[in-house]
Amino acid sequence: SMEIMARGRNLRYPYLVGEWILLARSWGEQFGGIILQAHGVRSYIGSMLTLVTVLERLTSAPHCRKFVDVWQQWRGVKMVPERSDIDPVMLGASMAAISILQVRAPDQIIRRMSGSAIVEFTGRRRDGENMVDLAPPEQREERILRHQNMINVPCGAWLAREAVGNTGAVGTLEAILLPVSNDKAPDQPFIYIGQDIRKSDRWELDEVSTDIELARDFEYIDIGAGVP
């Protein structure tokens, strides 16, 4: 039998015909992107990132790795976990590196929560701010598209960015974004973000800086429904 974690309890799923899809999804993520889905079998082969292959990029990103593992436990056999499935305690110390966005409308991507590690890195708490407004005007349409893809396909994303502080020191941020359904308001889903930060001891960021440009290093992650 196969054992997974869901809602903090151990659930055992024997190798029965009616429960083959959990195994198919796991095998598909490991072998060349072949995916079999519950709603009619759909298969394809590609080099896209999956929840398994993305771990190869996260060798120096323990919080991102922890987030990927826990998110999969939250979702169980679902494509995407619901907000009621979320147990923050399972993240342990990595909770400080988690941020939460709520997509209230395509052009309203509201930061609901910023982990303490993120606040320390950016020098600013952005809770309640609209991430679309924080993007340079010429990048806002693309930011909207990326987040709409993540909730509608659905899929996740990996990104990496650099920031230069006042002292000239360079800090790097690597992040995993994964969708979470809103069972209380289905038209306002969430995107959870796990982040790892690497910065020098002399890091100091100008708090006056308000723009958050799009990450140039960005790639969608197949969570079982393909990618855009």
Side-chain angles (χ1 to χ4, degrees), residues 4-5 24-35 43-75 79-81 86 90-101 109 111 114-118 120-122 131 135 139 142-143 145-165 169-180 190-200 203 212-228:
I4 65 170
M5 294 291 295
R25 185 171 65 196
S26 176
W27 293 337
E29 288 176 348
Q30 294 181 57
F31 297 106
I34 301 173
I35 302 296
S43 65
Y44 57 87
I45 299 177
S47 58
M48 67 193 70
L49 281 181
T50 71
L51 291 170
V52 172
T53 60
V54 74
L55 297 178
E56 299 172 4
R57 297 190 182 182
L58 302 177
T59 54
S60 301
H63 294 310
C64 288
R65 293 180 68 92
K66 179 69 171 180
F67 174 50
V68 169
D69 175 61
V70 170
W71 184 88
Q72 292 189 88
Q73 294 181 54
W74 287 339
R75 76 166 173 171
M79 184 66 71
V80 173
I86 305 305
M90 296 172 67
L91 289 164
S94 294
M95 188 64 201
I98 298 293
S99 294
I100 301 174
L101 306 179
I109 305 170
R111 185 176 289 272
S114 301
S116 57
I118 309 307
E120 180 183 352
F121 176 65
T122 61
M131 298 302 292
Q139 295 183 356
E142 178 64 21
R143 173 159 287 168
L145 177 62
R146 289 181 179 184
H147 289 78
Q148 285 295 297
N149 283 335
M150 281 185 272
I151 63 176
N152 290 327
V153 172
C155 62
W158 165 90
L159 65 81
R161 68 165 76 245
E162 289 187 346
V164 180
V170 176
T172 62
L173 180 144
E174 190 168 10
I176 296 291
L177 296 82
L178 292 167
V180 172
F190 300 94
I191 295 175
Y192 279 50
I193 311 172
Q195 297 149 108
D196 279 271
I197 298 162
R198 293 178 288 279
K199 61 184 189 299
S200 69
W203 173 261
I212 301 180
E213 294 188 356
L214 287 177
R216 287 176 291 180
D217 294 325
F218 177 93
E219 192 169 344
Y220 291 111
I221 301 172
D222 179 13
I223 62 173
V227 295

- Task: Any chance you could measure Ile191, atom CD1, to Ile100, atom CD1, to the nearest 0.5 Å?
- Result: 12.0 Å

- Measure the CZ-OG1 distance between Arg57 and Thr59 for me, rounded to the nearest 0.5 Å. 11.5 Å

- Item | From Met150 atom CE to Leu101 atom CG, the distance as rounded to the nearest 0.5 Å | 8.0 Å

- Nearest-0.5 Å distance that lies between atom CZ in Arg75 and atom CE in Met79: 7.0 Å

- Task: Enter the distance from Ile151:CD1 to Leu177:CG here, rounded to the nearest 0.5 Å.
- Result: 12.5 Å

- Query: Is a side-chain donor or acceptor of Arg143 paired with a backbone partner of Met131 at a separation under 3.5 angstrom?
  - Reply: yes

- Indicate the atoms forming the closest heavy-atom contact of Ile98 with Gln195, along with that distance. C-NE2, 4.1 Å

- Query: Are side-chain heavy atoms of Asp196 and Ser60 found at a separation under 4.5 Å?
  - Reply: no

- Query: Going from OH on Tyr220 to CG on Asn149, what distance comes out if it is rounded to the nearest 0.5 angstrom?
  - Reply: 3.5 Å

- Message: Could you report the tightest heavy-atom contact between Leu51 and Leu178, atom names first, then the distance?
- Response: CD2-CD2, 4.0 Å

- Item | Minimum heavy-atom distance Arg161-Ala215, with the two atoms named | NH2-N, 3.6 Å

- Note on the structure: What one should report as the nearest heavy-atom pair of Pro81 and Pro179 is CD-O, 3.8 Å

- Residue pair Leu55 / Arg65: nearest heavy atoms and the distance that separates them: O-NH1, 2.8 Å

- Just say parallel, tilted or perpendicular for the rings of Phe67 and Tyr192, cut-offs at 30° and 60°. parallel

- Output yes when a side-chain donor or acceptor of Asp222 lies under 3.5 Å from a complementary backbone atom of Val227, and no otherwise. no

- side chain to side chain contact (heavy atoms under 4.5 Å, CB included) between Ile223 and Trp71, worked out: CA-CA 11 Å; Ile223 62 173; Trp71 184 88; 3.9 Å; yes

- Task: Give the C-alpha distance, both sets of side-chain angles, the deciding distance and a yes or no for side chain to side chain contact (heavy atoms under 4.5 Å, CB included) between Thr53 and Ile221.
- Result: CA-CA 9 Å; Thr53 60; Ile221 301 172; over 6 Å; no

- Check His63 against Ser94 and note the closest heavy-atom contact, atom names and distance. ND1-OG, 2.9 Å

